[in-house]
Novice: 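I am attaching a structure below and will ask some questions about it afterwards.
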Amino acid sequence: MTVRAVLVDDHPVFRIGMAALLDSLPGIRVTGQAASAAEARTLLGGSVEADVVLMDLDLGDGSGVDLTRDLLRDRPGLAVLVVTMHEDDDAVVASVRAGARGYLVKSAPPDAVERAVRAVAAGEMILSPAVAQRAMSYVLGGRAATRVPFPQLTDREREVLHLVAAGLDNAVISKRLSLSPKTVRNHVANVLTKLAVPDRSAAIVRAREEGLGGA
């Protein structure tokens, strides 16, 4: 299927160049262009066919973040890909919160643009590498990302597994966590199912391999 793209950018040279790039790619067609927020609202409020909107954040008469939010409220099926000069954390977070599925800087190479357009059209979320790294640092508050063992488990199930791996029986775990014995049994049963292990001993082996059960 052809991906139908609309460009919203108040820099005509950039907009014309982007349109030429996209129209040169197989399976992508530019169906509209807007140089301002007002033009974009009129264009996308009409009958123009669009799957992806490439959105600049700095428009002469408004904010691309606000425009993204408004467009998606009226046309939730649109995929917005922000293409901007900004790499600051606040702009990334604001765009994603407004509903954008992707965020690229204008210096991104043509293959990255193509990949991003196709990805967001398919419903994926995509950030350019530099932006993704900055966004992750922002979300983590500057802390290093920590790998969580067995992400399929809930926090409580992981806590119970940790105590099981430490050699505690259900009665002790029940007292330690202020849970009823039945609730502990249910958590253990869920852990065995989610880890696809036959019994408690096998779960202990798996847990200790992942570093659980220690001090």
Side-chain angles (χ1 to χ4, degrees), residues 1-140:
M1 294 181 62
T2 298
V3 176
R4 300 162 297 185
V6 167
L7 308 179
V8 180
D9 196 298
D10 62 352
H11 291 85
V13 173
F14 179 83
R15 194 174 64 250
I16 292 168
M18 180 63 75
L21 168 64
L22 295 179
D23 277 335
S24 73
L25 300 173
I28 299 178
R29 178 167 57 92
V30 174
T31 55
Q33 299 184 41
S36 66
E39 284 186 18
R41 293 179 197 280
T42 299
L43 180 67
L44 290 161
S47 59
V48 65
E49 296 180 329
D51 302 303
V52 177
V53 176
L54 283 78
M55 177 75 69
D56 191 13
L57 293 184
D58 292 325
L59 302 171
D61 60 346
S63 161
V65 171
D66 293 337
L67 180 58
T68 294
R69 186 181 298 109
D70 294 343
L71 291 178
L72 293 177
R73 183 181 59 241
D74 297 331
R75 296 181 66 166
L78 282 177
V80 173
L81 171 63
V82 170
V83 185
T84 179
M85 297 293 294
H86 295 289
E87 295 185 62
D88 62 281
D89 304 328
D90 290 341
V92 177
V93 173
S95 299
V96 172
R97 284 178 175 169
R101 290 187 190 167
Y103 196 106
L104 288 181
V105 292
K106 287 187 174 181
S107 58
D111 60 333
V113 174
E114 178 182 5
R115 184 165 59 249
V117 169
R118 296 190 191 280
V120 298
E124 301 173 20
M125 170 70 75
I126 188 165
L127 302 175
S128 62
V131 169
Q133 184 175 8
R134 292 174 62 84
M136 183 60 70
S137 297
Y138 182 94
V139 170
L140 295 174

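Note that these values count all heavy atoms, side chains included, but never hydrogens, waters or copies made by symmetry.
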Novice: My understanding is that only one of Val6, Val120, Val52, Leu72 makes a side-chain contact (heavy atoms from CB on, under 4.5 Å) with Leu78; could you say which?
Specialist: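 Checked Val6, Val120, Val52, Leu72 against Leu78; only one passes side-chain contact (heavy atoms from CB on, under 4.5 Å): Leu72.
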Novice: Would you indicate whether the side-chain heavy atoms of Arg118 and Leu25 approach each other to under 4.5 Å?
Specialist: yes
Novice: Taking all non-hydrogen atoms of both residues, which atom of Arg101 and which atom of Ala79 are closest, and how far apart?
Specialist: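 Closest heavy-atom pair between Arg101 and Ala79: NH1-CB, 3.5 Å.
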Novice: So do Glu39 and Asp61 actually touch side chain to side chain, heavy atoms under 4.5 Å?
Specialist: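 The answer is no, as the side chains (C-beta and beyond) never meet within the 4.5 Å cut-off.
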Novice: How far does CZ of Arg41 sit from CG of Leu43, to the nearest 0.5 angstrom?
Specialist: 12.5 Å
Novice: If you compare all heavy atoms of Val92 against all heavy atoms of Tyr103, which two are closest, and at what distance to 0.1 Å?
Specialist: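 Heavy atoms only, the tightest pair is CA-CE1, 3.7 Å.
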Novice: Measure across Ala94 and Val65 and return the closest heavy-atom pair with its distance rounded to 0.1 Å.
Specialist: O-CG1, 3.8 Å
Novice: Is any side-chain heavy atom of Val83 less than 4.5 Å from a side-chain heavy atom of Val113?
Specialist: no
Novice: Calculate, to the nearest 0.5 Å, the distance between atoms CG and OG1 belonging to Leu54 and Thr84 respectively.
Specialist: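 So the gap between those two atoms works out to 12.0 Å.
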Novice: Between Thr68 and Ser95, is any pair of side-chain heavy atoms under 4.5 Å apart?
Specialist: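 Answer no - side chains too far apart.
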Novice: If you round to the nearest 0.5 Å, how far is CG of Leu21 from CD1 of Ile16?
Specialist: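 Interatomic distance, Ile16 CD1 to Leu21 CG, rounded to 0.5 Å: 14.0 Å.
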Novice: Of all the heavy-atom pairs spanning Leu104 and Ala116, show the shortest one and how long it is.
Specialist: CD1-CB, 3.6 Å
Novice: Can you name the nearest heavy-atom pair linking Leu67 to Ala37, along with the distance?
Specialist: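 Minimum heavy-atom separation between Leu67 and Ala37: CD2-CA, 4.0 Å.
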Novice: Give, for atom CG of Asp9 and atom CG of Leu59, the distance between the pair rounded to the nearest 0.5 Å.
Specialist: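 With rounding to 0.5 Å, CG (Asp9) is 7.0 Å from CG (Leu59).
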Novice: Which atom names give the shortest non-hydrogen contact between Met125 and Val96, and what distance separates them?
Specialist: CE-CG1, 4.2 Å
Novice: Does the distance from a Lys or Arg side-chain N to an Asp or Glu carboxylate O, for Lys106 and Asp56, drop under 4.0 Å?
Specialist: yes
Novice: For the CE atom on Met85, are there more than 12 heavy atoms of other groups (residues, nucleotides or ligands in this structure) within a distance under 6.0 Å?
Specialist: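 Incorrect, the count does not exceed 12.
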Novice: Could you grab the distance from atom OG1 of Thr2 to atom CD of Glu49, nearest 0.5 Å is fine?
Specialist: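 Interatomic distance, Thr2 OG1 to Glu49 CD, rounded to 0.5 Å: 10.0 Å.
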Novice: How far does CZ of Arg115 sit from CD of Glu124, to the nearest 0.5 angstrom?
Specialist: 11.0 Å
